[in-house]
There are 2 protein chains.
Amino acid sequence: MTRDRMVTITDVAQHAGVAASTVSYVLSGKRTISATTRARVLASIRALGFHPHAGARSLASNKANVIALALPLRQGMHLPVLMQFATAVLTAARAVDHDVLLLTADEGAAGVRRIAGSAMVDGLILMDVETHDPRVPTLRELARPSVLIGLPAESDGLTCVDLDFAAAGAACVEHLVQLGHTELALLGAPQVVYDRDTGFARRTRDGVIAAAHAAGVTATARPCDSTYAAALAAVRALPHATGLIVHNEAVVDHVLTALRTMGRRVPEDVSVVAICPDEVAERATPELTSVPIPAGEVGGRAVELLMSKLAGEPVPPVTLLPPSLRLRSSTASIH
Amino acid sequence: MTRDRMVTITDVAQHAGVAASTVSYVLSGKRTISATTRARVLASIRALGFHPHAGARSLASNKANVIALALPLRQGMHLPVLMQFATAVLTAARAVDHDVLLLTADEGAAGVRRIAGSAMVDGLILMDVETHDPRVPTLRELARPSVLIGLPAESDGLTCVDLDFAAAGAACVEHLVQLGHTELALLGAPQVVYDRDTGFARRTRDGVIAAAHAAGVTATARPCDSTYAAALAAVRALPHATGLIVHNEAVVDHVLTALRTMGRRVPEDVSVVAICPDEVAERATPELTSVPIPAGEVGGRAVELLMSKLAGEPVPPVTLLPPSLRLRSSTASIH
DNA sequence: ACGCACAGTCGAAGCGCTTCAACAGTACGC
DNA sequence: GCGTACTGTTGAAGCGCTTCGACTGTGCGT
């Protein structure tokens with residue numbers, strides 16, 4: 001282990017024959033620097049392999065260029081989707097020169113307080129926010145800005161972004177109704193997810209029920225565990241439904257298999273529309289008509305909103321991305 | 001947004017009527033402090049809600065109490081397993097008062113250099129290291145310690161930890177051989193994983209082949225994509241194999257379904273042993289005899305090794321955790 | 001020819017913490 | 001009663017950076 005001292009901004013300044021502050025201004029662009037000086041400084045930086053000391057920078061400038069991402073790693077959550085969100089946040093953050101500190105949900109409010117209090121991060125993004133999330137009050141009293149992916153009950157003073165799941169549910173219903181279906185059913189997330197009162201599951205259900213009501217058709221909502229057995233049981237319990245809405249990535253394949261086993265053809269006998277990532281919808285047989293979950297956009301938007309707040313700009317309290325319905329071959333009109 | 005200045009160590013010192021350095025020593029325990037003073041200081045800390053400024057701390061002490069975790073998010077990797085590793089690392093790190101900065105693999109060597117150079121982290125843990133990983137040379141020339149989960153070709157000067165996949169493969173073979181099987185087959189990771197020359201896939205294969213050779217039985221190795229179709233094709237292509245080793249979490253269920261469809265009973269007609277997380281093995285029908293992937297242990301050990309290196313203690317260059325075979329109901333002796 | 005604005009650069013202060021050397025007490029052996 | 005050995009506490013230096021005010025020159029209008 002070589003005991004080599006860090007290359008400091010002073011080293012660079014000396015090497016380039018300028019003052020340390022000049023180097024700083026070259027880096028930040030907060031003051032005009034002549035092209036020749038800039039070039040000389042940049043050359044020295046490269047020559048010496050200089051990287052500004054993050055701690056020193058954060059101490060002096062009061063910004064860390066790091067954001068915290070609170071990732072739930074909880075039961076019943078579909079990991080691939082979660083990771084899509086996470087990757088989107090990571091990529092978006094890196095694009096604006098920020099790093100990402102990982103926070104688990106089980107550190108809860110204390111973790112949020114610790115991270116925010118230590119000035120380790122400039123702001124936070126919380127994923128999978130529950131309707132009554134214990135971290136939300138903490139967030140409010142915090143000096144640091146935050147953005148929630150999800151929608152808690154009380155969103156005053158917060159910034160939230162998510163897919164408009166209610167509208168997504170409604171879109172599914174409307175599509176099926178247009179095709180002539182009058183007996184609809186929603187296969188949702190596992191029961192635990194509802195018990196935890198996670199917003200997205202509930203909002204979809206409410207959207208489906210409301211839209212069905214408005215259209216004058218019947219709609220049953222059922223939670224569904226992520227196993228084949230549960231999917232089979234659910235499908236068996238709904239023999240009259242001709243329009244199925246599946247909002248549970250992990251169970252999509254199982255539902256299709258169960259229908260096949262029961263001799264119900266898709267889409268001839270029963271139409272299926274899913275709310276799930278495109279990959280899942282495309283990989284299914286037959287390919288599923290679906291409302292995609294725009295993880296990339298949501299994650300990107302979350303970072304964008306956070307950056308605006310960091311810059312002191314006003315942001316809308318709630319951003320609900322409109323759903324889009326992608327037609328594939330799992331839905332057909334009833335005859 | 002309240003414009004409240006941070007609570008500093010000086011504020012705490014004033015409040016407690018001691019010097020700032022005393023507060024620091026109470027916090028770090030690097031000097032003896034009388035019980036009464038300590039109590040007074042701790043009370044002030046709590047009263048003011050003091051959190052040491054991470055940047056200032058890292059600047060003064062030259063340690064950030066943060067480690068970087070380089071997560072691959074690449075094709076063909078099984079996310080749940082990956083997240084188990086990640087969670088294990090996170091938990092272990094938090095247990096020793098360190099936070100975790102997320103790094104994506106696609107930032108590659110540049111990302112490693114940036115993070116390490118900026119003193120933002122004390123050390124790094126890289127997951128899913130490939131046999132010829134471009135980040136490895138960078139790691140060597142770095143001043144910061146690192147630990148690899150995985151095993152590159154040239155491990156000199158590095159610290160690696162992983163399950164002993166070769167031994168795992170061999171353990172599967174030996175188990176099947178003991179049961180009297182003489183025609184074995186390995187269904188492995190998707191082809192892309194081999195193409196990328198990711199170590200674990202290859203090491204299992206080599207372990208299987210070598211053990212089969214040593215035992216005088218035949219063993220065929222096949223990559224296998226993570227789809228039902230691929231699993232079916234693979235099983236069809238191996239009509240004579242009576243002992244199947246599956247090293248691909250995503251395809252375990254598909255293989256069992258495929259065998260069922262073909263009318264081959266498990267374990268009466270064909271024995272199946274998997275190398276996969278316990279949850280996968282237990283959830284399968286029938287429950288699978290398996291070599292579990294000890295993600296928790298590996299992750300924990302990685303953090304442990306990193307902490308030792310940070311403390312300047314010598315550590316073994318390569319730690320291969322011995323596999324264990326867990327008997328369940330998917331293997332039986334041939335008759 | 002004179003002053004003014006402005007681009008370009010510098011030096012110094014200070015961010016909040018750790019740590020070192022030094023000092024004031026107290027306790028003990030003789 | 002004096003040195004010795006602690007224990008407990010302090011003030012000051014400094015970590016590497018940003019940023020503010022000040023300074024120097026140059027170009028321009030008059």
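Chain letters run A, B, ... following the sequence lines, proteins first, then strands; residues in each count from 1. Heavy-atom basis, side chains included; hydrogens, waters and symmetry copies ignored.
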Enquirer: Classify A:Ser21 by what it touches in the nucleic acid, base, sugar-phosphate, or nothing, heavy-atom distance under 4.0 Å.
Expert: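 A:Ser21: base contact, heavy atoms under 4.0 Å.
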Enquirer: From CG of B:Leu48 over to P of C:dG16, roughly how many Å is that when rounded to an integer?
Expert: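 Rounded to whole Å, this separation is 14 Å.
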Enquirer: Whole angstrom is fine here: how far is it from CE in B:Met6 over to C1' in C:dG14?
Expert: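 That distance rounds to 16 Å.
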Enquirer: Go nucleotide by nucleotide along DNA chain D from the 5' end; which of B:Ala35 and B:Leu59 gets its closest nucleotide reached first?
Expert: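 So the residue in question is B:Ala35.
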Enquirer: Please compare B:Ala19 and A:Arg31 by the position of their nearest nucleotide in DNA chain D and report the one closer to 5'.
Expert: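 Counting from the 5' end, the first nearest nucleotide belongs to B:Ala19.
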Enquirer: Check every strand shown and say whether A:Ser61 touches a base, only sugar-phosphate, or nothing at a heavy-atom separation below 4.0 Å.
Expert: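 Touches sugar-phosphate only.
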Enquirer: State plainly whether the residues A:Arg114 and A:Glu107 are in salt-bridge range, i.e. N to O under 4.0 Å.
Expert: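 Salt bridge flag = yes for A:Glu107 with A:Arg114.
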Enquirer: In whole angstrom, give the distance that lies between atom CD1 of B:Ile9 and atom P of D:dA12.
Expert: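 Rounded to the whole Å, the gap is 16 Å.
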Enquirer: Got a donor-acceptor contact below 3.5 angstrom from the A:Ser308 side chain to the A:Glu304 backbone?
Expert: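 Confirmed, A:Ser308 side chain pairs with A:Glu304 backbone.
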Enquirer: A:Ser34 near the nucleic acid: base, sugar-phosphate alone, or nothing, with a heavy-atom cut-off under 4.0 Å?
Expert: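 Counting heavy atoms under 4.0 Å across all strands, the contact made by A:Ser34 is with sugar-phosphate only.
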Enquirer: Classify A:Ser58 by what it touches in the nucleic acid, base, sugar-phosphate, or nothing, heavy-atom distance under 4.0 Å.
Expert: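 Since no nucleic acid heavy atom lies under 4.0 Å of A:Ser58, the category is nothing.
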Enquirer: Measure NE2/A:His53 against P/D:dT18 and give the value in whole Å, please.
Expert: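 That distance rounds to 12 Å.
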Enquirer: For the residue pair A:Thr159 and A:Lys309, confirm or rule out a side-chain donor-acceptor distance under 3.5 Å.
Expert: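 Yes, side-chain donor-acceptor contact under 3.5 Å.
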Enquirer: Nearest to the side chain of A:Arg57 - D:dC17, C:dG8, C:dC17?
Expert: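 Side chain of A:Arg57 sits closest to D:dC17.
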Enquirer: Under 4.0 Å between a Lys/Arg side-chain N and an Asp/Glu carboxylate O for B:Arg140 and B:Asp156?
Expert: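 Not counted as a salt bridge, because no side-chain N and carboxylate O are separated by less than 4.0 Å.
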Enquirer: Looking for any heavy atom pair under 4.0 Å, which part of the strands does A:Ser28 touch: base, sugar-phosphate only, or nothing?
Expert: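 No contact.
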Enquirer: Closest to the A:Tyr25 side chain: C:dC15, D:dC20, D:dT10?
Expert: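 Closest nucleotide to the A:Tyr25 side chain: D:dC20.
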Enquirer: At under 4.0 Å, does any side-chain N or O of B:Lys30 touch on OP1 or OP2 of C:dT19?
Expert: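 Checking C:dT19 against B:Lys30, a side-chain N or O does come within under 4.0 Å of OP1 or OP2.
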Enquirer: Please state how far atom CG in B:Leu27 lies from atom C1' in C:dT19, giving the value in whole angstrom units.
Expert: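 To the nearest whole Å, that distance equals 14 Å.
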Enquirer: Identify whether any heavy atom of B:Ser24 sits under 4.0 Å from a base atom; if not, whether one sits that close to sugar-phosphate; answer base, sugar-phosphate or nothing.
Expert: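 Base: the residue B:Ser24, judged by heavy atoms under 4.0 Å, touches a nucleobase.
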Enquirer: Without decimals, in angstroms, what is the distance between B:Met120 CE and D:dG16 P?
Expert: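 After rounding, the gap between these two atoms is 16 Å.
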Enquirer: If the cut-off is 4.0 Å, is B:Thr22 near the phosphate of D:dT10, judged by side-chain N/O to OP1 or OP2?
Expert: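 Answer is yes, contact under 4.0 Å.
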Enquirer: Would you find a donor on one side and an acceptor on the other, under 3.5 Å apart, between the side chain of A:Thr8 and the backbone of A:Asp11?
Expert: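 Indeed, once roles are kept as given, a pair shorter than 3.5 Å links the two residues.
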Enquirer: Can you measure B:Ile45 atom CD1 to C:dC17 atom C1' for me and round it to whole angstrom units?
Expert: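 It is 13 Å, rounded to the nearest whole Å.
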Enquirer: Please state how far atom CD1 in B:Ile33 lies from atom P in D:dT10, giving the value in whole angstrom units.
Expert: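 In whole Å, D:dT10 P lies 8 Å from B:Ile33 CD1.
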